[in-house]
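Just so you know, residue 1 is the first one in the sequence shown, and it goes up from there. Here the structure is a predicted model, which means the values were calculated and not measured. Whatever order the structure lists ligands and atoms in, that order sets their numbers, starting from 1.
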Amino acid sequence: MNETCLLPGPVAISANVQRGLHAPPLYHRGAEFLTLFENVRSRLAALTGAREVALFTGSGTLANEVVATTLAALAPPRRGLILENGEFGRRLISQAECYRLEFTTRCWPWGRPWDLVDVAHLLEGLPPGSWVWGVHHETSTGVLNDLPGLVSLARQRGISVCVDAISSLGGSPLDLRDVFLASGTSGKALGAACGIAIVFVNRQPGEVWNRSRLPTYLDLAAALDREGPRFTFSSIPLTGLAAALDDYSSASRIRKRLDDYAETGRFVRSELHRLGLNPLAEVEHAASTVTTFAPPAGCSSNAFVEHCRGLGFLIGGQSEYLARRRLVQIATMGATMTADCARLLDKFKSDFTFACDKEPHPALRIAR
Ligand SMILES: *Cc1c(COP(=O)(O)O)cnc(C)c1O
């Protein structure tokens with residue numbers, strides 16, 4: 001890829017991670033692999049405060065699949081609530097339907113955060129022991145939902161929180177100490193290559209999972225209880241992930257990483273504002289690593305993405321759920337620099353004038 005990558009996955013890979021990806025493959029039952037695997041699990045637990053971590057070969061969606069199937073195996077069955085304010089919340093609902101979970105949903109319009117006053121009322125209606133599941137950073141809109149707020153509401157009522165933390169892991173402060181199940185991936189804000197699905201777990205004493213209902217490959221209990229992987233596991237993304245975790249190896253490194261992400265995010269949002277391209281998420285709910293906005297009037301998502309590609313930048317907008325709403329997004333995950341974004345935003349400035357009475361730049365005058 002010669003273009004600068006401003007996609008929410010794959011993300012730009014640092015030289016350190018790149019070196020990890022070029023290490024020779026290791027046998028997944030060998031001692032060196034086992035040490036690496038267990039080291040990555042414990043570093044991910046330390047990073048988030050989760051007691052246990054399981055790794056699966058797959059993308060983030062697989063980690064959500066594991067969460068859904070684990071909820072379906074709770075004995076006795078427990079009811080739940082799913083929060084939706086974008087594409088990834090919608091996907092949780094369809095996964096939950098597939099596993100025949102018993103749940104209700106609460107939806108908010110795209111770009112709006114969870115309304116916890118609303119959620120508090122809904123939690124009142126659920127028996128203790130129920131679960132609530134939602135997306136922390138809703139990547140489709142760039143909204144960072146209030147996970148600590150949800151956790152504190154749920155804890156007061158004895159309700160278990162499950163969260164899709166796929167794009168917040170490594171990109172935003174993430175405290176999973178009081179979260180039952182959470183999903184993550186190697187390939188987003190942690191800045192590694194994709195290919196490893198991560199599940200964070202805090203099992204409750206006395207909690208029973210009906211093992212006969214857990215599909216072999218997705219059996220979280222078996223994955224947690226065992227040292228090393230249960231099935232063939234490629235060491236290549238794992239070595240890359242271990243290298244990426246170097247950026248999170250101490251409190252000060254984590255702070256620096258998150259501060260850098262926050263600064264880049266603020267820069268992108270404020271420059272877009274100045275161009276009249278207002279981010280969908282309001283400033284107080286905006287995630288650092290993804291900014292979703294509508295391209296200039298008259299320009300489709302695809303046309304805008306193509307225009308940026310012509311300028312040497314890959315941005316998001318080709319996914320059906322963005323294109324249909326005429327949205328695009330700049331993601332600043334992985335080894336992306338504020339300077340990379342500045343080059344793109346400078347080009348926007350010279351390319352088109354956003355005064356209402358001016359015609360858009362010829363490259364953007366493309367029918368929807
Ligand atoms: C990217 C993403 C997913 C899906 O992850 P894949 O790696 O594409 O399977 C799910 N949820 C959120 C919040 C995401 O950002």
Participant: For ligand 1, which atoms, with element, lie under 4.0 Å from some heavy atom of Thr139?
Facilitator: 12 (C), 13 (C), 14 (C), 15 (O)
Participant: Within the 4.0 Å heavy-atom shell around His137, which atoms of ligand 1 are there?
Facilitator: 13 (C)
Participant: By number and element, which atoms of ligand 1 are closer than 4.0 Å to a non-hydrogen atom of Val135?
Facilitator: 13 (C)
Participant: For ligand 1, is there an atom lying under 4.0 Å from some heavy atom of His136?
Facilitator: no
Participant: Check whether the ring centres of Phe304 and Phe348 lie less than 6.0 Å apart, and answer yes or no.
Facilitator: yes
Participant: Are Leu241 and Phe200 linked, directly or through other ILVMFWY residues, by side chains that come within less than 4.5 angstrom of each other?
Facilitator: yes
Participant: Would the number of heavy atoms belonging to other residues, nucleotides or ligands and lying under 6.0 Å from CD of Glu282 be above 12?
Facilitator: no
Participant: Nearest protein heavy-atom contact for atom 3 (C) of ligand 1: which residue, which atom, what distance?
Facilitator: Phe88 CE2, 3.4 Å
Participant: For the pair Asp178 (side chain) and Val151 (backbone), establish whether a donor and an acceptor sit closer than 3.5 Å, ignoring hydrogens and angles.
Facilitator: no
Participant: Which residue and non-hydrogen atom of the protein lie closest to atom 7 (O) of ligand 1, and at what distance in Å?
Facilitator: Gly60 N, 2.9 Å
Participant: State the atoms of ligand 1, each with its element, that fall below the 4.0 Å cut-off from a heavy-atom position in Ser59.
Facilitator: 6 (P), 7 (O), 9 (O)
Participant: With respect to atom 12 (C) of ligand 1, which of Thr61, Asp164, Thr289 exhibits the smallest heavy-atom separation?
Facilitator: Asp164
Participant: Check whether Ser319 reaches the backbone of Tyr321 with its side chain - one donor and one acceptor, N or O, closer than 3.5 Å.
Facilitator: no
Participant: Could you tell me whether a side-chain N or O of Asn202 sits under 3.5 Å from a main-chain N or O of Leu176, the two making a donor and an acceptor?
Facilitator: yes
Participant: Quick test of your reading of the model: are Glu263 and Arg266 salt-bridged, counting only N-O distances below 4.0 Å?
Facilitator: no
Participant: Would you mind checking which non-hydrogen protein atom is closest to atom 14 (C) of ligand 1, with the distance to 0.1 Å?
Facilitator: Lys188 NZ, 2.9 Å
